Amino acid sequence: GNLEIEVPGGTAWHTPGNVLLLDQSLHHFDRMIKNNKRDSWAYMVRAFVYAELGEWEYASRDAAEAVALNPQAAWLANQGVIWSRQGELG
């Protein structure tokens, strides 16, 4: 069956094959980045994984790399979320 996941504003349903556990995520996105060093999406998602783990220096580094690789994407707002959670903007 599907996994029920609470998200802001409601509930989402995902098939188990489309979900990574946090402890699997770093390895997964490390491989994605190793295979394509210009994958800004992989850098930003890995930044959020690092943020969830409290690894703020790595999270900020990856978020900055995502912005540098694709400044037209919405990554800048995501970088701000990481900085805010880290307490750099308050």
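We count residues from 1, following the sequence as given. As the structure is a computational prediction, the values presented were derived from the model and not from experiment.
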Looking only at heavy atoms, which two atoms of Ala66 and Ser40 are closest? And how far apart? CB-O, 3.4 Å

Residues at least two apart in sequence or cross-chain that pass side chain to side chain donor-acceptor pair (under 3.5 Å) with Arg31, listed by chain then number, are His27

In the structure I gave you, are the side-chain heavy atoms of Trp41 and Phe29 within less than 4.5 Å of one another anywhere? yes

A side-chain contact here means heavy atoms from C-beta on lying under 4.5 Å apart; do Val49 and Asp62 qualify? no

Tyr50 meets the ring-ring contact (aromatic ring centres under 6.0 Å, His included) criterion, sequence neighbours left out, with Tyr58

How close do Lys37 and Leu69 get, heavy atom to heavy atom, and via which atoms? O-CD1, 3.6 Å

Quick one: list whatever passes side chain to side chain donor-acceptor pair (under 3.5 Å) with Gln24, sequence neighbours left out. none

Between CE of Met44 and CG of Asp39, what distance do you get to the nearest 0.5 Å? 11.5 Å

Side-chain heavy atoms of Arg46 within contact of Arg61, under 4.5 Å: yes

Nearest heavy-atom pair of Ala47 and Ala63: which atoms, and what distance? CB-N, 3.7 Å

What's the separation between atom CG in Leu53 and atom CG in Leu22, rounded to the nearest 0.5 Å? 4.5 Å

